[in-house]
A.B. asks: 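The structure's right below; bear with me while I get my questions together.
In what follows, residues are counted from 1 in the order of the sequence shown. Both counts, for ligands and for their atoms, begin at 1 and track the order of listing.
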Amino acid sequence: MTESGYVNNVLTDVTAFAPATVANVGIGFDILGHTVDAVGDRVRLRSIDEPVVRIRSISGVAGDLPVEPQRNTAGRAVQAMHATLGLKFGFELDIDKGIPLASGLGGSAASAVAAVVAANALLPEPVSRLQLLKFAMQGEIVASGSAHVDNIAPCLFGGLVLTVGIDHPRVKQIPVPASLRCVLAHPHMFLGTREARAILKTDVTRSDFVWQTANLAGFISGCYSNDLEMIRESFDDVIIEPQRQSLIPGFMDVKQAALAAGALGCSISGAGPTVFAWAQVQHAEAVRGAMIAAFAAHGLQSDHWISAIENNGARVVKA
Ligand code: HSE
């Protein structure tokens with residue numbers, strides 16, 4: 001093995017980075033998400049002769065995850081890839097978690113995506129990103145019990161991403177006005193995705209359906225047409241947020257503080273407890289300060305980030 005990750009001109013050792021993601025973006029439950037490039041997971045993969053997938057180490061901010069590949073999101077995703085492609089060699093993984101566990105920042109998706117992106121770089125014939133999406137989905141099922149793609153698709157493709165379909169997903173990157181930033185506050189508490197999904201009602205009223213449909217359409221059209229007022233007006237999840245907000249202490253105060261400080265909108269990142277806001281760049285610092293102070297008033301310290309919403313998806317960072 002050399003420092004460069006090549007043996008006899010064949011790449012055998014590679015590391016990929018996958019960013020955190022804000023799933024749902026408020027109004028697009030299970031179908032919309034965007035990247036947060038400021039934080040993410042790294043997965044190192046080495047080719048091994050034995051045709052198996054194994055996890056050598058897990059480090060970083062969430063080190064006590066399962067090392068059995070079938071119980072680990074990254075391991076399961078690479079196993080799915082390995083089995084589908086019928087590979088004659090195997091992979092050994094080192095997972096370095098930068099995304100806190102159960103934070104609503106797409107940590108399980110990021111590990112799965114980083115792993116399949118790294119594995120792809122080690123294949124003699126790499127597969128398409130859409131195929132990688134399907135392998136990574138197998139990892140997401142391990143973590144949350146359901147095959148939603150609103151973390152995985154943006155994590156893999158980058159930026160604000162709409163995904164239509166599960167069995168044959170169609171992925172669309174949506175432009176975001178360049179003046180906007182995402183502000184995130186992650187309160188120091190755990191909230192499991194399974195738990196936050198289990199409380200959701202299975203039906204919606206007709207009026208909520210109409211509001212949510214209008215808001216999703218308005219939000220996306222506002223993004224395409226650079227219409228900040230349309231984005232502001234339609235940044236309102238009338239179905240999921242009202243059901244989940246009681247899981248996050250102080251959520252309404254955090255949201256109101258963000259809006260009062262100039263945010264266009266504010267909602268729950270994925271299944272929570274992270275809360276995110278979109279704001280014009282000149283308001284982003286004030287919005288961040290207001291959100292942190294509001295959580296602190298409820299006894300919660302928080303990590304916080306301000307991130308542009310750029311088309312940077314998962315990528316190989318070291319070969
Ligand atoms: N769309 C999912 C949810 C994301 O809100 O339950 C969770 O990762």
Side-chain angles (χ1 to χ4, degrees), residues 18-36 39-41 62 65 72-74 76-77 97-114 133-134 136-157 160-166 169 171-172 174 182 184 186-187 189-204 208 212-213 215-216 219-220 235-248 251 255 265-277 313-314:
T21 42
V22 171
N24 304 332
V25 198
I27 30 63
F29 181 67
D30 277 1
I31 58 171
L32 199 60
H34 74 71
T35 41
V36 179
V39 57
D41 289 355
L65 292 166
N72 179 289
T73 58
R76 184 71 197 93
K97 296 290 298 178
I99 304 172
L101 204 59
S103 60
L105 288 167
S108 53
S111 291
V113 167
L133 181 74
K134 292 182 183 176
M137 275 168 65
Q138 298 304 312
E140 185 70 289
I141 293 171
V142 172
S144 69
S146 71
H148 54 271
V149 290
D150 50 343
N151 292 112
I152 290 168
C155 187
L156 196 51
F157 287 79
L160 176 63
V161 170
L162 172 73
T163 311
V164 176
I166 290 284
V171 173
K172 197 80 181 170
I174 297 169
C182 178
L184 296 127
H186 165 234
M189 59 174 280
F190 293 98
L191 182 52
T193 302
R194 282 175 198 265
E195 178 196 347
R197 290 180 82 82
I199 63 155
L200 298 177
K201 289 185 284 194
T202 52
D203 51 2
V204 296
D208 281 351
Q212 194 86 346
T213 309
N215 286 344
L216 179 58
F219 185 86
I220 289 175
F235 211 125
D236 188 17
D237 167 17
V238 299
I239 294 177
I240 305 298
E241 183 186 297
Q243 298 180 66
R244 282 182 169 167
Q245 59 181 255
S246 62
L247 299 174
I248 305 169
F251 171 76
K255 176 170 177 159
C266 177
S267 189
I268 301 167
S269 175
T274 295
V275 178
F276 80 101

A.B. asks: If the cut-off is 4.0 Å to any non-hydrogen atom of Arg244, which atoms of ligand 1 fall inside it?
C.D. replies: 3 (C), 5 (O), 6 (O)
A.B. asks: Side chain, backbone, both or neither: which part of Asn151 has a heavy atom under 4.0 Å from ligand 1?
C.D. replies: side chain
A.B. asks: Using a 4.0 Å cut-off to any heavy atom of Arg197, which atoms of ligand 1 qualify?
C.D. replies: 1 (N), 2 (C), 3 (C), 6 (O)
A.B. asks: Any idea which atoms of ligand 1 are less than 4.0 Å away from a heavy-atom of His148?
C.D. replies: 2 (C), 4 (C), 7 (C), 8 (O)
A.B. asks: Measuring from atom CE of Met137 to atom CD1 of Ile166, what distance do you get when rounded to the nearest 0.5 angstrom?
C.D. replies: 4.5 Å
A.B. asks: Taking side-chain hydrogen bond (donor to acceptor under 3.5 Å, both in side chains) as the test, write out the residues that go with Thr21, two or more places apart.
C.D. replies: Asn151
A.B. asks: Please report, to 0.1 Å, the donor-acceptor pairs under 3.5 Å made by any side chain of residues 105-114, with sequence neighbours excluded.
C.D. replies:
| from | atom 1 | to | atom 2 | distance (Å) |
| --- | --- | --- | --- | --- |
| Ser108 | OG | Glu140 | OE1 | 2.9 |
| Ser111 | OG | Asp41 | OD2 | 2.7 |
| Ser111 | OG | Lys97 | NZ | 2.9 |

A.B. asks: Any nitrogen or oxygen of Asp30 lying under 3.5 Å from a nitrogen or oxygen in ligand 1? Just yes or no.
C.D. replies: yes
A.B. asks: Distance check, rounded to the nearest 0.5 Å: Glu241 atom CD versus Lys255 atom NZ?
C.D. replies: 3.5 Å
A.B. asks: Do Glu140 and ligand 1 have an N or O pair less than 3.5 Å apart?
C.D. replies: no
A.B. asks: In terms of atom number and element, which parts of ligand 1 are under 4.0 angstrom from non-hydrogen atoms of Gly270?
C.D. replies: 5 (O)
A.B. asks: Calculate, to the nearest 0.5 Å, the distance between atoms CG and CG belonging to Leu216 and Leu32 respectively.
C.D. replies: 6.5 Å
A.B. asks: Can you name the atoms of ligand 1, numbered from 1 with element, that are less than 4.0 Å from a heavy atom of Thr193?
C.D. replies: 7 (C)
A.B. asks: Return the CG to CD1 distance between Leu162 and Ile174, rounded to the nearest 0.5 Å.
C.D. replies: 4.5 Å
